[in-house]
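Let me give you the structure first, and then I'll get to my questions.
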Amino acid sequence: VRLMKQAGVNTVAVAIFSWDRIQPEENRWDFGWLDRIIDKLGKAGIAVDLASATATAPLWLYEKHPEVLPQDKFGHPVNAGSRQSWSPTSPVFKEYALTLCRKLAERYGTNPYVTAWHMGNEYGWNNRYDYSDNALNAFRLWCERKYGTIENLNKAWGTTFWGQEMNGFHEVLIPRFMGADSMVNPGQKLDFERFGNDMLLDFYKAERDAIAEICPDKPFTTNFMVSTDQCVMNYAKWADEVDFVSNDHYFTPGEAHFDELAYSASLCDGIARKNPWFLMEHSSSAVNWRPINYRVEPGELVRDSLAHLAMGSDAICYFQWRQSKAGAEKWHSSMVPHAGPDSQIFRDVCELGADLNKLADEGL
């Protein structure tokens, strides 16, 4: 907290991947650690953007209910151990997730330090395409709502070709694996893409509404992934369902770096309908998931952040505060790197904080 104040930090996202800490066992809840963190931040004047914590489920849930796992197009389960290893259309998973949302709302809904709700995390990152039976049943209902009659669906998909005509919505299939050289019906594939967006949007709205019933007076957001290679959702449609748009952006290395950044930020500004939006995540230097990381040049960290500000962003946030000691993102950059605060990265972060405060003082 002392270093956050030094850097000029005034808001943080908390508990995004913390479901297993909050509910270590099915019938045991532990909010003590989260109470202490929120209290320390709030008393220091740092606002909390509190997550619904559903991005990662605890292992005990998967052990008890393996049916909540999504499936790939080959019928294999997408196993636990990463993020979003759950089917958005699983009624069992939704029941557990909404219980967690209500518990958080009951405990923190009136907490003055919690100023916004951060739903999920990058919806669709790992479960954008689910080929489970839950998804199949939901897709059939989605198609029935869209087309009304099976005749309309057959016409839209052109199912007379290759003998794909259906007699009812109970015969609708999702584009599972049909052979190495097979071609998917493009109408079916396009609708499955749209359905994938909608099933996750429905899940987000269910989480949001569960909290809003208890805590209706605080804004809701979730972090989009608007960039030239990561626009995995119909974010213009999602923008109608958040109180403010948030975006995660990681720059494209090389000559396209700044051009892509400016393009993505401008696109995000349009999705936000020219309203202020949050840069919820970006990086101060290297990331763990690139095979090659370009060296961050002097001044680049500040320039890239201020470019987002110039394009309409109302907040400049990073993933993450401290670099992880271990785990999958051990080598993902942070505001306080492994080298500690006596480092060029943290000095640059502090310079950015001072610049942002100066701009705020000038009313910009």
Side-chain angles (χ1 to χ4, degrees), residues 2-4 6-9 11-18 49 51 55-56 81-84 118 121-126 223-232 246-265 267-268 277-311 313 315-356:
R2 175 181 58 81
L3 291 176
M4 286 181 180
Q6 182 180 333
V9 172
T11 187
V12 294
V14 174
I16 292 175
F17 304 117
S18 299
D49 171 39
T56 52
S82 185
R83 297 179 286 166
Q84 298 178 346
H118 184 109
N121 180 74
E122 296 182 339
Y123 286 94
W125 179 87
N126 194 40
N223 38 343
F224 297 173
M225 292 179 283
V226 177
S227 61
T228 54
D229 65 342
Q230 280 192 311
C231 280
V232 297
S246 298
N247 189 49
D248 296 352
H249 181 270
Y250 292 91
F251 66 80
T252 300
E255 293 182 0
H257 176 137
F258 197 73
D259 290 342
E260 192 281 329
L261 184 154
Y263 174 84
S264 295
L267 179 59
C268 193
W277 50 277
F278 268 40
L279 177 62
M280 187 63 77
E281 285 187 23
H282 71 314
S283 57
S284 60
S285 58
V287 293
N288 66 296
W289 38 266
R290 277 206 182 100
I292 297 174
N293 276 284
Y294 283 57
R295 179 179 180 271
V296 176
E297 298 296 330
E300 210 168 83
L301 180 152
V302 174
R303 181 203 66 180
D304 288 2
S305 298
L306 294 182
H308 280 97
L309 188 74
M311 290 292 185
S313 178
I316 304 297
C317 308
Y318 288 89
F319 182 79
Q320 50 193 328
W321 170 246
R322 275 191 184 274
Q323 210 163 1
S324 301
K325 292 182 179 180
E329 294 190 282
K330 175 180 180 178
W331 302 116
H332 193 294
S333 70
S334 65
M335 299 168 77
V336 182
H338 290 310
D342 187 16
S343 61
Q344 188 59 52
I345 287 176
F346 186 69
R347 285 190 286 272
D348 288 347
V349 166
C350 291
E351 179 186 339
L352 174 62
D355 289 345
L356 294 174

Exercise for review: Tell me, with the steps shown, if Leu309 and Leu356 meet side chain to side chain contact (heavy atoms under 4.5 Å, CB included).
Suggested key: CA-CA 9 Å; Leu309 188 74; Leu356 294 174; 3.9 Å; yes
**Study point:** Separation between CE of Met335 and CD1 of Ile345, rounded to the nearest 0.5 Å
**Key:** 11.5 Å
Review point. Got a second to check how far Ser305's OG is from Leu352's CG, nearest 0.5 Å?
Key: 4.5 Å
Check your understanding: Side chains of Trp331 and Arg290: does their closest heavy-atom pair fall under 4.5 Å?
Key -> no
**Study point:** Residues which pass side chain to side chain contact (heavy atoms under 4.5 Å, CB included) with Arg2, listed by chain and number, not counting sequence neighbours
**Key:** Gln6
Review point. Can you tell me how far the OG atom of Ser285 sits from the CG atom of Leu301, to the nearest 0.5 Å?
Key: 8.5 Å
Exercise for review: Measure from the side-chain N and O atoms of Asn288 to the backbone N and O of Ala328, and report whether any donor-acceptor pair falls under 3.5 Å.
Suggested key: yes
Review point. Quick one: are the ring centres of His282 and Tyr318 less than 6.0 Å apart?
Key: yes
Practice item. Mind listing the closest non-hydrogen atom pair of Phe278 and Ser313 along with its distance? Key: C-OG, 3.8 Å
Check your understanding: Does one side chain, of Gln84 or Tyr123, offer a donor that lies under 3.5 Å from an acceptor on the other?
Key -> no
Practice item. Using a 4.5 Å cut-off on heavy atoms from C-beta on, say whether the side chain of Glu122 contacts that of Val232. Key: no
Check your understanding: With side chains defined as the heavy atoms from C-beta onward, is the minimum distance between Asp49 and Met280 less than 4.5 Å?
Key -> yes
Check your understanding: Are Phe224 and Cys268 side-chain neighbours, meaning at least one heavy-atom pair lies under 4.5 Å?
Key -> no
Practice item. Kindly indicate whether the side chain of Val336, heavy atoms from C-beta on, has any atom under 4.5 Å from the side chain of Val349. Key: no
Check your understanding: With a 4.5 Å heavy-atom cut-off, do Phe346 and Leu3 have their side chains touching?
Key -> yes
Point to revise | CD (Glu297) with more than 12 external heavy atoms under 6.0 Å | key: yes
Review point. If you measure from CD on Glu300 to OG on Ser284, what distance do you get to the nearest 0.5 Å?
Key: 11.5 Å
Exercise for review: Look up atom CG in Asn247 and atom CG in Leu267, then write down how far apart they are to the nearest 0.5 Å.
Suggested key: 8.5 Å
Point to revise | Residues forming a ring pair (Phe, Tyr, Trp, His ring centres under 6.0 Å) with His118, sequence neighbours excluded | key: none
**Study point:** Minimal non-hydrogen separation, Val9 against Thr11, with atom names
**Key:** CG1-O, 3.6 Å
**Study point:** Check: Asp348 side chain, Val302 main-chain N or O, donor-acceptor pair, under 3.5 Å
**Key:** no
Check your understanding: Can you list every salt bridge (Lys or Arg N to Asp or Glu O under 4.0 Å) pair that touches residues 319-331, not counting sequence neighbours?
Key -> none
Practice item. Over all heavy atoms of both residues, which pair between Cys350 and Ala7 is shortest? Give the atoms and the distance, please. Key: SG-CA, 3.8 Å
Review point. Got Ser264 and Phe251 here, is their nearest side-chain heavy-atom distance under 4.5 Å?
Key: no
Exercise for review: Mark yes or no for whether Asn223, through its side chain, and Asp248, through its backbone, hold a donor-acceptor pair below 3.5 Å.
Suggested key: no
Point to revise | ring pair (Phe, Tyr, Trp, His ring centres under 6.0 Å) involving Trp321 - partner list, sequence neighbours excluded | key: none
Exercise for review: Using the side chain to side chain contact (heavy atoms under 4.5 Å, CB included) rule, take His249 and Glu260 through it: C-alpha gap first, then chi angles, then the decisive distance, then the call.
Suggested key: CA-CA 10 Å; His249 181 270; Glu260 192 281 329; 2.8 Å; yes
Exercise for review: Mark yes or no for whether Glu281, through its side chain, and Phe319, through its backbone, hold a donor-acceptor pair below 3.5 Å.
Suggested key: no
Study note, to complete from the structure: Applying side chain to side chain contact (heavy atoms under 4.5 Å, CB included) to Gln320 and not counting sequence neighbours gives Ser324, His332, Ser334
Review point. Between Arg83 and Trp125, what is the shortest heavy-atom contact and its length?
Key: NH2-CE2, 2.9 Å
**Study point:** Qualifying residues under side chain to side chain contact (heavy atoms under 4.5 Å, CB included), relative to Ala307, sequence neighbours excluded
**Key:** Phe258, Leu261
